[in-house]
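As C-alpha cells, the structure follows; a few thoughts come after it.
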Amino acid sequence: MQLNSIQDQPDKAHAPVLAAELAGLLDPRPDDTVIDCTFGAGGHARSIAGLLGPDALLIGIDRDPVAGRYFELFAQHRSFRCRFMHGNFADALSELAEKGFEADLIYLDLGVSSMQLDRPERGFSYSYNAPLDMRMDPGARVTARDLVNELPAAELERIFKEFGEERYARQIARRIARERQRAPFETTLQLVDTIKSAIPTPARFGSGHPARRVFQALRIAVNDELESLARALDNALEVLSPGGRLAVISFHSLEDRLVKKFFAGKTGRCVCPPDLPQCVCGARAELRIITRRPVTPSAAEVSENPRAQSAKLRVAEKLR
Ligand SMILES: C[S@@+](CC[C@H](N)C(=O)[O-])C[C@H]1O[C@@H](n2cnc3c(N)ncnc32)[C@H](O)[C@@H]1O
C-alpha cells in the first residue's frame, strides 16, 4: 500500500494524543527496550525516541501494513536498533513472551489512526462513500460488509448495543435485516441512510452523527478489538521486566473499563467473598498503579486535535 503526499510526512499523517504525558510517565532510560504496540505513523515513538540512546531497542507493532511504511521512515534516522512486527499486538506480544523476551516499557494507543479514518477506501468513516470494509489489516478475513449482510439481526443488535451503546440497536438491526433482503449492503453511505431511516427523527439531529455508534460497534467487531486488548494486557505483563511500565491510551469506556479492571486485578487485592475464613483466590500483587485517575488531554490539546477529546491514559509498573 502506497502513502499519498500528505501521508508521506509522518508528523502530518496523525497527531499523537497525550504524547508529552505518555513520555513523562513512561520516563525512558537511554538503554531501555521499548515496545510500541500501535505504531501508526510513529508519533509517540518519535517523542520517546529523543530520550533513547544507542543501546536502546524499539519494537513497533501494527496490524496495518501502512504503519510498516512509516516504521521504515522512522528507523532510517535512529542511532538505536529498530524492529517492526506486522500483526495483531496480542499475537506479537505472545510470540515475544514465548521466546522469553523482556521489555522495559510497553505502550498501546488504541483505536484507529487518522490515516485509516481519513482514507475513504478503508471504509471506516460515515462521512465518505466507500466500500463497507473497516479492517485495520486489509489481509484479515472479515469485513464490515460481511457482518452487516450475514449476521442474524439479533447478533447485530447485540453488537450495536454492546460495542456502540446504541439506544436504537434493535430498530437499526431489524431495518438492516429487512433492507438486505432487497439488495446486499455494499457501501458506507448505504448503511448511514438505513441507520437514519431506522431512528426517530429527533435522534437524527441529536448530539453527534447518527451513525457514529453503529460504525464504532462494527469497527470493534470487525477487528475483534476488545478481545485483542484483553489478550494483549496479559501478554504484555508477561513480557514486561520487573520495574517496567505498561501504558494504555483508550478512547471509549469499553476499553478504559477493561484496562482499569485489569490493572486493579493485578494489585493483589483479595477478591474472595468476605465470609471466607481465609483467602483462596491467591491474589498476588504484580502491578503498582502509577495513575490513580486516568490522565486526560488538556483543553488546548483538544481544541487543536478534537480526536483527543475522549482519550484516557493509564499507567502501571510491574513489581520487582
Ligand atoms: C491511534 S493509532 C496509533 C497512532 C500512533 N500512536 C501514532 O502516534 O502515530 C492506532 C494504531 O493501532 C493499530 N492497531 C489497533 N489495534 C491493533 C491490534 N490489535 N494489533 C495491532 N495494531 C493495532 C491501528 O492499525 C493503528 O495504526
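Heavy atoms only: backbone and side chains are in, while hydrogens, waters and symmetry mates are out. Note that ligands are numbered from 1 as they come in the structure, with each ligand's atoms numbered from 1 the same way.
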Is it the case that ligand 1 has an N or O less than 3.5 angstrom from some N or O of [X]?
| X | answer |
| --- | --- |
| A67 | no |
| G42 | yes |
| P16 | no |
| D109 | yes |
| A41 | yes |

How does V112 reach ligand 1, by side chain, by backbone, by both or by neither, if only non-hydrogen atoms under 4.0 Å count?
backbone
[X] touching ligand 1 at heavy-atom level, < 4.0 angstrom:
| X | result |
| --- | --- |
| G111 | yes |
| F39 | yes |
| A232 | no |

Is the backbone of F185 close enough, under 3.5 Å, to the side chain of N149 for a donor and an acceptor to pair up by distance?
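Yes: the side chain of N149 pairs with the backbone of F185.
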Note: heavy atom closest to atom 25 (O) of ligand 1, options N223, D62, L22, L117, belongs to D62
Shortest reach to atom 14 (N) of ligand 1 by a heavy atom, considering only M136, R231, M115, E225
M136
Parallel under 30°, tilted from 30 to 60°, perpendicular over 60°: which one fits the rings of Y126 and F215?
perpendicular
Proximal atoms of ligand 1 relative to [X] (non-hydrogen, under 4.0 Å):
| X | answer |
| --- | --- |
| Q116 | 24 (C), 25 (O), 26 (C), 27 (O) |
| L110 | 1 (C) |
| D64 | 25 (O) |
| H44 | 6 (N), 8 (O) |
| G87 | 20 (N), 21 (C) |
| G43 | 7 (C), 8 (O), 9 (O) |

Whether over 12 other heavy atoms sit under 6.0 Å from [X] [atom1]:
| X | atom1 | value |
| --- | --- | --- |
| E304 | CD | no |
| E102 | CD | yes |
| R167 | CZ | no |

Decide salt bridge (charged side-chain N to carboxylate O under 4.0 Å, His left out) for R284 and E286; before the verdict, give the C-alpha distance in whole Å, the side-chain angles of both, and the deciding distance to 0.1 Å.
CA-CA 6 Å; R284 189 167 63 89; E286 291 179 80; 3.7 Å; yes
What protein heavy atom lies closest to [atom]? Include the residue and the distance to one decimal.
| atom | value |
| --- | --- |
| atom 19 (N) of ligand 1 | N88 OD1, 3.1 Å |
| atom 23 (C) of ligand 1 | R63 CD, 3.7 Å |
| atom 17 (C) of ligand 1 | F89 CE2, 3.2 Å |

F74 six-ring face occupied by R78 cation (under 6.0 Å, within 45°)
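Yes, a cation-pi geometry holds between R78 and F74.
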Check against side-chain hydrogen bond (donor to acceptor under 3.5 Å, both in side chains), N88 and S228:
CA-CA 7 Å; N88 188 327; S228 295; 2.9 Å; yes
So, applying salt bridge (charged side-chain N to carboxylate O under 4.0 Å, His left out) with E166, which one of R212, K161, R213 is it?
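The passing option is R213.
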Closest approach of E301 and V17, non-hydrogen atoms and distance?
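Looks like OE2-CA, 3.3 Å.
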Looking only at side-chain N and O atoms, does R288 offer a donor or acceptor that is under 3.5 Å from a partner on T267?
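On atom types as modelled, these side chains do not qualify, holding no pair under 3.5 Å.
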Pair R231-S94, side-chain donor/acceptor within less than 3.5 Å:
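No, because no side-chain N or O of R231 sits under 3.5 Å from a partner of the opposite role on S94.
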